[in-house]
Peer 1: 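One structure is given below, represented as structure tokens, and several questions about it will come after.
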Amino acid sequence: MTTSQPPISRADLRRNQVLTAATECFRAHGFHGTSMSQLSKASGMSVGHIYHYFENKEAIIEAIVENDLLKILQIPERIEQSRGKSDIFDALVADVEQSAADAFYDPDAALLLEIVAEAARNPRIANIIRRAEATAMESIKNYLRKGLQQRETTFSEQSLDTACNLLAALFEGLTIRLIRNPDLSLQHSIPMMRRIIRYMLEQEIPETANR
């Protein structure tokens, strides 16, 4: 028996309409280069109507960041659904191809870099990103912690936190490398990424590896 999804409200449809238009405009013109009149034209809504759903452009950025966060929060769920009886760490390593492809081919990669750059100048945007980052890192840490406990491995929270940040840097770095080097091969990168991640999970996080 399938469970039907609740209908999307008119307000949510309108919000998504604005976010789709904003994403396109921010991609093309940047955060500061996009005016509310451009957003109005791209969304097919009046400026006043846009302000009914979003207080300002920063609020739109916050919604875009939240959508990106949802993608990260879905990673452990996706791995759990596919791993069956596999060890969590084995399932994580097997999932590298999917996670790397999501990062490599992310159509919003340049936009997210634009948002990060804005965070360096705008404290409110910085706070939005840091809140989302804290939630994402806690989700990944909890999943790695579950894998360590499954293996009955002794570990420190410091080593776990470091590993999570390095894992994030590895995948986020793919989007930056692709902008710098469009000829970068994902196919050739995945085997080495798998080896690096397995080494981190099995050799660097356990306390015995750090003595």
Side-chain angles (χ1 to χ4, degrees), residues 2-78 97-140 168-186:
T2 57
T3 303
S4 59
Q5 294 294 328
I8 300 175
S9 69
R10 180 177 176 82
D12 284 340
L13 286 172
R14 289 296 195 183
R15 281 174 57 85
N16 289 338
Q17 185 176 334
V18 175
L19 289 178
T20 298
T23 298
E24 293 172 357
C25 289
F26 291 161
R27 261 192 221 141
H29 309 293
F31 178 73
H32 286 292
T34 298
S35 65
M36 291 304 292
S37 61
Q38 286 174 315
L39 281 179
S40 171
K41 183 177 180 180
S43 65
M45 297 166 61
S46 69
V47 172
H49 204 175
I50 292 173
Y51 280 132
H52 178 72
Y53 297 105
F54 296 97
E55 181 183 357
N56 48 38
K57 283 197 291 181
E58 289 173 347
I60 296 174
I61 287 288
E62 183 170 11
I64 291 172
V65 170
E66 287 175 352
N67 284 343
D68 186 63
L69 172 62
L70 286 176
K71 297 178 188 176
I72 298 172
L73 296 179
Q74 288 167 355
I75 293 173
E77 181 181 343
R78 180 184 71 216
E97 184 170 2
Q98 181 62 59
S99 292
D102 289 345
F104 199 80
Y105 298 115
D106 186 353
D108 293 329
L111 170 60
L112 293 172
L113 290 176
E114 174 89 18
I115 293 172
V116 171
E118 177 62 21
R121 301 181 289 264
N122 186 326
R124 182 176 175 186
I125 298 297
N127 287 333
I128 290 169
I129 288 180
R130 287 166 187 161
R131 286 198 304 270
E133 169 75 4
T135 302
M137 285 296 98
E138 192 59 31
S139 173
I140 300 300
L170 185 63
F171 286 103
E172 289 172 0
L174 278 178
T175 62
I176 298 174
R177 291 307 308 162
L178 188 59
I179 292 171
R180 289 178 176 268
N181 178 16
D183 297 325
L184 177 65
S185 168
L186 178 61

Peer 1: Does CZ belonging to Arg10 count more than 12 external heavy atoms closer than 6.0 Å?
Peer 2: no

Peer 1: Check residues 168-184 and write down every donor-acceptor pair under 3.5 Å in which the side-chain atom is one partner and the other belongs to a residue at least two apart or another chain.
Peer 2:
residue, atom, partner, partner atom, Å
Thr175, OG1, Glu172, O, 2.6
Asn181, OD1, Asp183, N, 3.2

Peer 1: Can you tell if the side chain of Gln17 reaches within under 4.5 Å of the side chain of His49, non-hydrogen atoms only?
Peer 2: no

Peer 1: Would you compute the distance between atom CD of Glu55 and atom CD1 of Ile50 and round it to the nearest 0.5 angstrom?
Peer 2: 14.5 Å

Peer 1: Determine whether a donor-acceptor pair (N or O, by modelled atom type, separation under 3.5 Å) exists between the side chain of Asp106 and the backbone of Asp102.
Peer 2: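 Side chain of Asp106 to backbone of Asp102, a donor-acceptor pair under 3.5 Å: no, none is there.
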
Peer 1: Are His29 and Ser35 close enough that some pair of their side-chain heavy atoms sits under 4.5 Å apart?
Peer 2: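 No; the side chains remain at least 4.5 Å from each other.
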
Peer 1: How many angstroms lie between CD1 in Ile64 and CD1 in Ile61, if you round to the nearest 0.5 Å?
Peer 2: 5.0 Å

Peer 1: Report the distance from atom CZ of Arg15 to atom CG of Asp12, rounding to the nearest 0.5 Å.
Peer 2: 7.0 Å

Peer 1: Looking at every heavy atom in both Ser43 and Val18, which two are closest together, and how far apart are they?
Peer 2: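 Scanning both residues, the minimum pair turns out to be CB-CA, 4.4 Å.
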
Peer 1: Side-chain contact, heavy-atom cut-off 4.5 Å: Ile60 with Leu39?
Peer 2: yes

Peer 1: Do you know which two heavy atoms are closest between Asn56 and Tyr51, and how far apart they sit?
Peer 2: CA-CE2, 4.2 Å

Peer 1: If you compare all heavy atoms of Ala136 against all heavy atoms of Ile72, which two are closest, and at what distance to 0.1 Å?
Peer 2: CB-CG2, 3.8 Å

Peer 1: If you count every heavy atom of other residues, nucleotides or ligands that lies below 6.0 Å from Lys41 atom NZ, does the total exceed 12?
Peer 2: no

Peer 1: Can you list, pair by pair, the side-chain donor-acceptor contacts under 3.5 Å of residues 123-133, counting residues two or more places apart and other chains?
Peer 2:
residue, atom, partner, partner atom, Å
Arg124, NH1, Glu58, OE1, 3.2
Asn127, ND2, Pro123, O, 3.4
Arg131, NH2, Glu62, OE2, 3.2

Peer 1: Within the structure provided, determine whether Phe26 and Ile115 are in side-chain contact (heavy-atom separation under 4.5 Å).
Peer 2: no

Peer 1: Do any pairs count as a salt bridge (Lys or Arg N to Asp or Glu O under 4.0 Å) and have a residue in residues 25-39, sequence neighbours left out, and if so which ones?
Peer 2: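 Residue pairs with at least one partner in residues 25-39: Arg27-Asp108.
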
Peer 1: Could you tell me the separation between the CD atom of Glu118 and the NZ atom of Lys57, rounded to the nearest 0.5 Å?
Peer 2: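 The NZ atom of Lys57 is 8.5 Å from CD of Glu118, to the nearest 0.5 Å.
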
Peer 1: Return the CE to OG distance between Met36 and Ser46, rounded to the nearest 0.5 Å.
Peer 2: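 Interatomic distance, Met36 CE to Ser46 OG, rounded to 0.5 Å: 9.5 Å.
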
Peer 1: Taking atom CD of Glu97 as the centre, report whether more than 12 heavy atoms of other residues, nucleotides or ligands fall under 6.0 Å from it.
Peer 2: no

